[in-house]
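Owing to the predicted nature of the structure, the values given are computational and were not obtained by experimental measurement. Along the sequence shown, residues are numbered consecutively beginning with 1.
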Amino acid sequence: MITLTLQAAQQVFKASGQTGDLGSPLRIAARADTDGSTQYGMGFDEQREHDILIHCEGVTVLVAPGSAQLLKGVTLDYVELNPGEFQFIFIPPVSAGDPEK
């Protein structure tokens, strides 16, 4: 299932305090597009029936069953893309057919 880096978890905590959702679970979702790419989304939410709960780096993550397979092996990170420009990124798993592996 999805994992969070320490940097991502720290930023989630910071964001939850800024939005007044301190301690709220983070919902992460994924959907496959017709071109084969995967689109990811996230936001603070309340638990729903059938949600999968994941505890990672102190963050409670909610995943709907429909997103679970697409999030398998994905890592959520928080990185500096350009000087002073930070962003959450979703890193998909490297499959056996990928040249990087």
Side-chain angles (χ1 to χ4, degrees):
M1 191 54 65
I2 190 162
T3 58
L4 280 72
T5 64
L6 181 58
Q7 293 81 2
Q10 290 172 340
Q11 187 60 28
V12 168
F13 283 126
K14 183 177 177 182
S16 70
Q18 292 172 344
T19 62
D21 293 316
L22 191 59
S24 292
L26 179 70
R27 179 171 300 281
I28 299 179
R31 67 178 169 89
D33 279 346
T34 55
D35 65 0
S37 65
T38 303
Q39 298 298 315
Y40 301 99
M42 63 183 193
F44 297 108
D45 200 3
E46 294 183 14
Q47 184 178 355
R48 299 180 194 145
E49 188 176 0
H50 305 296
D51 276 342
I52 300 165
L53 265 70
I54 302 156
H55 300 284
C56 188
E57 296 291 346
V59 175
T60 300
V61 177
L62 305 173
V63 175
S67 292
Q69 187 61 33
L70 292 171
L71 292 171
K72 186 175 181 180
V74 171
T75 300
L76 176 64
D77 200 357
Y78 188 73
V79 298
E80 187 172 19
L81 296 176
N82 294 307
E85 180 187 335
F86 291 86
Q87 185 173 326
F88 285 102
I89 61 168
F90 290 88
I91 305 167
V94 177
S95 67
D98 285 347
E100 295 112 29
K101 191 158 190 174

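Going from atom CD1 of Ile91 over to atom OG1 of Thr75 covers 5.5 Å, rounded to the nearest 0.5 Å. A distance of 9.0 Å separates CD in Glu57 from CZ in Phe13, rounded to the nearest 0.5 Å. Expressed to the nearest 0.5 Å, how far CG of Leu70 lies from CD1 of Ile28 amounts to 13.0 Å. How far CG of Leu6 is from CD of Gln11: 12.0 Å, rounded to the nearest 0.5 Å. Rounding to the nearest 0.5 Å gives a distance of 11.0 Å between CD of Gln7 and OH of Tyr78. To the nearest 0.5 Å, atom CD1 of residue Ile2 and atom NZ of residue Lys72 are 14.0 Å apart.
Looking at every heavy atom in both residues, Ala8 comes nearest to Phe88 through O-CE2, 3.8 Å.
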Stepwise side-chain contact (heavy atoms from CB on, under 4.5 Å) test for Leu71 and Tyr40: CA-CA 9 Å; Leu71 292 171; Tyr40 301 99; 3.8 Å; yes
Working note: Val63 + Ile54, criterion side-chain contact (heavy atoms from CB on, under 4.5 Å); need CA distance, chi angles, decisive distance, verdict. CA-CA 8 Å; Val63 175; Ile54 302 156; 3.8 Å; yes
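Scanning for salt bridge (charged side-chain N to carboxylate O under 4.0 Å, His left out) contacts around Asp77 gives an empty result, with sequence neighbours left out.
Counting heavy atoms of neighbouring residues, nucleotides and ligands inside a 6.0 Å radius, atom CD of Glu46 does not exceed 12 of them.
Identified under the salt bridge (Lys or Arg N to Asp or Glu O under 4.0 Å) test for residues 27-41, with sequence neighbours left out: Arg27-Asp45, Arg27-Asp51, Arg31-Asp33.
Side chain of Ser67 to backbone of Ala29: no donor-acceptor contact under 3.5 angstrom is found. Judged by distance alone, with hydrogens and angles left aside, the side-chain atoms of Glu80 form a donor-acceptor pair with the main-chain N or O of Gly84 at under 3.5 Å.
Looking only at side-chain heavy atoms (C-beta outward), Leu53 and Gln47 come within less than 4.5 Å of each other. Residues Ser16 and Phe44 form a side-chain contact, since some pair of their non-hydrogen atoms from C-beta on lies under 4.5 Å apart. Inter-residue side-chain proximity for Thr3 and Leu76 is flagged as unmet; no heavy-atom pair is nearer than 4.5 Å.
Neither Val79 nor Phe86 shares a network with the other; the hydrophobic side chains, linked directly or stepwise wherever heavy atoms of I, L, V, M, F, W or Y lie under 4.5 Å apart, form separate groups for each. Val59 and Leu62 fall into different hydrophobic clusters, where Ile, Leu, Val, Met, Phe, Trp and Tyr are joined by side-chain heavy atoms under 4.5 Å apart, directly or via other members.
Checked against Val12 for a side-chain contact (heavy atoms from CB on, under 4.5 Å), the options Val61, Leu26, Thr60 give a single hit: Leu26.
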